Amino acid sequence: MQEELTEYKGKATMEKITSLAKRRGFVFQSSEIYGGQNGAWDYGPLGIELKNRIAAAWWKEMTQLNDDIVGLDAAILMHPRTWEASGHVENFTDPLVDCKKCKARFRADQIPPENLAAKKCPECDGELTDTRKFNLMFKTHIGPAEDTASIIYLRPETAQGIYVNYKNIIQSNRMKIPFGIAQIGKAFRNEIVTKNFIFRTCEFEQMEMQYFVKPGTDEDWFAKWRQRRWNYYQKLGVKMDHLRWHQHGPGELAHYAKDAYDIEYLFPMGWRELEGVHNRTDYDLSRHTQFSGKDLQYIDQEDSNERYIPYIIETSAGLTRNLLMILCDAYDEEQVASDKEGGEEDTRTVLRFHPSLAPITVAVLPLMKKDGLAELAQDIRKELKEDFSTDYDQSGAIGRRYRRQDEAGTPFCVTVDYESKDNGTVTLRFRDSMEQVRVNKAELAARLRKEIKEYKRV
Ligand code: ATP
């Protein structure tokens, strides 16, 4: 394992990431024209591409590469008893304190303990209220009558949709233990403090996988899943010295968990949770058995019909939080020679996404609009479109166009010039090194595929 970093030394700040995300169409504030909606964000043209690719990488890792894991897309609205069984109605609370003077609101576990003990506001020294419990679930009503019988919750996690379907999936898909169910979807939490851009929001997306195992084998599977999830981030090309494990101590461990580790990432604001790997024991299925009255035991036909409630190993990652991590991880600035003649050095902002995650894989740029270069470039783009996500840009100086693509994280640019007309070659320009090579346009698609496959982060 690499040595752990003690402080963030990257070039990103939350301000820079937030402003680049807006400038380039990754993420916008929700309902911005009305002053914005706290805790909610909109994903723009590049943001949705990036989010889809992160989701696809996770989905492939979980389902396509594992014969024993299948997918599910459960509803956001679930029977309210689900949340009684899961413990969310009773326990899914944060401790809340308010400042009587400046009206600021804090999570009691996120302010210095000495302030909490002295009931002193960390911002204005005003008096704090007593700590009270605040349930994070969004509650609404279903149907025309707004009475207690019509209460329904927006799911605060995707996991419960998996547990309530576990028997359906065993029966319909002939799954045998050990096996897993993967799901990506929206979750909602009425978070008290939403700061740091999209890190903690009220509406977000999760990528969760629940792996059902025989009791007694859970510790082995827990260790295996921890390793697999670590390797996954390595495969994505994430800076591994920015990742570490954090084991939950007795005070942090959820009421259902036997053991829990977080994978933490070193964001510009410090080490924060990215994903949790939990040994949830047989808590969930036992509770759903109790609350639904349905027998959720597994019948092991390969072991003399032995019956048991499976243990569950969960890997729970935030999709939108992963997107923030990928943006921070990719962000770089470097000094380069100015593209203006006689100009001084310039700062180049570049997102060094893995090419398989980049929203645009290849941009095609004609050197000039005239003399048939634009048409030739459009033809090349058309050919690449079937296999790659492409962009086309013909406005402004070529250097400026490269910089725009660098900021969007586009790993490859193809420039079409007069030589292209004469001999069918184009310039292939690499985002990370800014190197340029001449490639025959007939070989372009194969070359790009090879570059994507063999990509190594500098
Ligand atoms: P915390 O203690 O920070 O509130 P948690 O430990 O309750 O978070 P989990 O319930 O384990 O988080 O959620 C699993 C994953 O879902 C987290 O690792 C995170 O990536 C993501 N997640 C949880 N809450 C949010 C949120 N409000 N906004 C964005 N992502 C979230």
Side-chain angles (χ1 to χ4, degrees), residues 14 27 30 37-43 47 51 54-55 58 83 86-88 91-96 106-110 133-138 153-163 182-210 225-226 229-230 232-233 236 238 243-249 251-267 269-280 283-284 312-329:
M14 277 331 242
V27 184
S30 160
Q37 174 56 50
N38 218 3
W41 297 84
D42 298 340
Y43 291 79
K51 184 147 71 72
I54 296 170
W58 184 88
W83 307 109
S86 68
H88 281 82
N91 295 316
F92 198 53
T93 56
D94 273 344
L96 170 73
F106 307 96
R107 251 172 73 172
D109 56 343
Q110 288 181 349
K133 279 186 171 180
F134 171 77
N135 196 298
L136 276 82
M137 278 199 294
F138 279 103
Y153 300 96
L154 298 187
R155 68 178 177 199
E157 61 176 31
T158 60
Q160 300 301 325
I162 294 182
Y163 306 145
Q183 176 168 225
I184 300 177
K186 290 235 171 177
F188 301 83
R189 295 183 189 181
N190 200 355
E191 298 281 0
I192 298 165
V193 184
T194 55
K195 55 179 183 190
N196 293 319
F197 191 31
I198 54 171
F199 178 80
R200 184 183 300 286
T201 51
C202 293
E203 176 175 346
F204 57 101
E205 281 176 76
Q206 289 187 313
M207 307 184 284
E208 295 198 303
M209 194 283 300
Q210 312 293 326
W225 276 109
R226 281 183 51 206
R229 293 308 301 150
W230 186 263
Y232 168 77
Y233 287 108
L236 272 194
V238 174
L243 287 177
R244 73 175 185 193
W245 285 107
H246 165 74
Q247 184 176 19
H248 287 207
E252 283 170 281
L253 217 50
H255 55 282
Y256 51 76
K258 176 170 162 185
D259 203 356
Y261 279 80
D262 293 337
I263 296 180
E264 293 186 335
Y265 181 79
L266 183 54
F267 287 94
M269 67 277 189
W271 287 100
R272 295 285 190 286
E273 174 180 337
L274 179 66
E275 163 162 0
V277 184
H278 311 129
N279 181 346
R280 299 182 67 120
Y283 176 83
D284 303 283
I312 293 172
I313 308 299
E314 166 183 72
T315 72
S316 174
L319 169 54
T320 41
R321 195 174 287 183
N322 256 264
L323 188 143
L324 178 62
M325 179 276 283
I326 292 289
L327 278 176
C328 295
D329 204 67

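Atom set for the values below is all heavy atoms of this structure, side chains included, hydrogens, waters and symmetry mates excluded. Predicted, not measured: the structure shown is a model, and the values here were computed from it. Atoms within each ligand, like the ligands themselves, are counted from 1 in listed order.
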### Query
Can you check side chain to side chain donor-acceptor pair (under 3.5 Å) on H88 and Q160, steps first, answer last?
CA-CA 11 Å; H88 281 82; Q160 300 301 325; 4.6 Å; no
#### Entry: Residue of the set W230, Y233, W271 for which ring-ring contact (aromatic ring centres under 6.0 Å, His included) holds with W245
W230
Acceptor/donor pairs from residues 196-207 side chains to any protein atom, 3.5 angstrom cut, sequence neighbours excluded:
unit_1: T201; atom_1: OG1; unit_2: E203; atom_2: O; d: 3.0
unit_1: E203; atom_1: OE2; unit_2: K186; atom_2: NZ; d: 2.6
unit_1: E205; atom_1: OE2; unit_2: K51; atom_2: NZ; d: 2.6
unit_1: Q206; atom_1: OE1; unit_2: T158; atom_2: N; d: 3.1

### Query
Ignoring hydrogens and geometry, is there a side-chain-to-backbone donor-acceptor pair from R189 to P156 under 3.5 Å?
yes
### Task
Keeping the roles fixed (side chain from N135, backbone from M137), state whether a donor-acceptor pair exists under 3.5 Å.
yes
Show me the short polar-atom pairs for ligand 1: any N or O of it lying under 3.5 Å from a protein N or O, with distances only.
unit_1: ligand 1; atom_1: 3 (O); unit_2: R200; atom_2: NH1; d: 3.3
unit_1: ligand 1; atom_1: 3 (O); unit_2: R200; atom_2: NH2; d: 2.9
unit_1: ligand 1; atom_1: 4 (O); unit_2: R200; atom_2: NH1; d: 2.8
unit_1: ligand 1; atom_1: 6 (O); unit_2: E273; atom_2: OE1; d: 3.3
unit_1: ligand 1; atom_1: 7 (O); unit_2: R189; atom_2: NH1; d: 3.2
unit_1: ligand 1; atom_1: 10 (O); unit_2: R189; atom_2: NH1; d: 3.2
unit_1: ligand 1; atom_1: 10 (O); unit_2: R189; atom_2: NH2; d: 2.9
unit_1: ligand 1; atom_1: 16 (O); unit_2: Q206; atom_2: NE2; d: 3.2
unit_1: ligand 1; atom_1: 18 (O); unit_2: E273; atom_2: OE2; d: 2.6
unit_1: ligand 1; atom_1: 18 (O); unit_2: L274; atom_2: O; d: 3.3
unit_1: ligand 1; atom_1: 20 (O); unit_2: L274; atom_2: O; d: 2.9
unit_1: ligand 1; atom_1: 20 (O); unit_2: G318; atom_2: N; d: 2.9
unit_1: ligand 1; atom_1: 24 (N); unit_2: R189; atom_2: NH1; d: 3.3
unit_1: ligand 1; atom_1: 27 (N); unit_2: E191; atom_2: OE2; d: 2.7
unit_1: ligand 1; atom_1: 27 (N); unit_2: T201; atom_2: O; d: 2.8
unit_1: ligand 1; atom_1: 28 (N); unit_2: T201; atom_2: N; d: 3.0

### Task
Flag this pair as yes if the NZ/CZ of R272 is under 6.0 angstrom from the six-membered ring centre of F267 and inside a 45 degree cone about the axis; otherwise no.
no
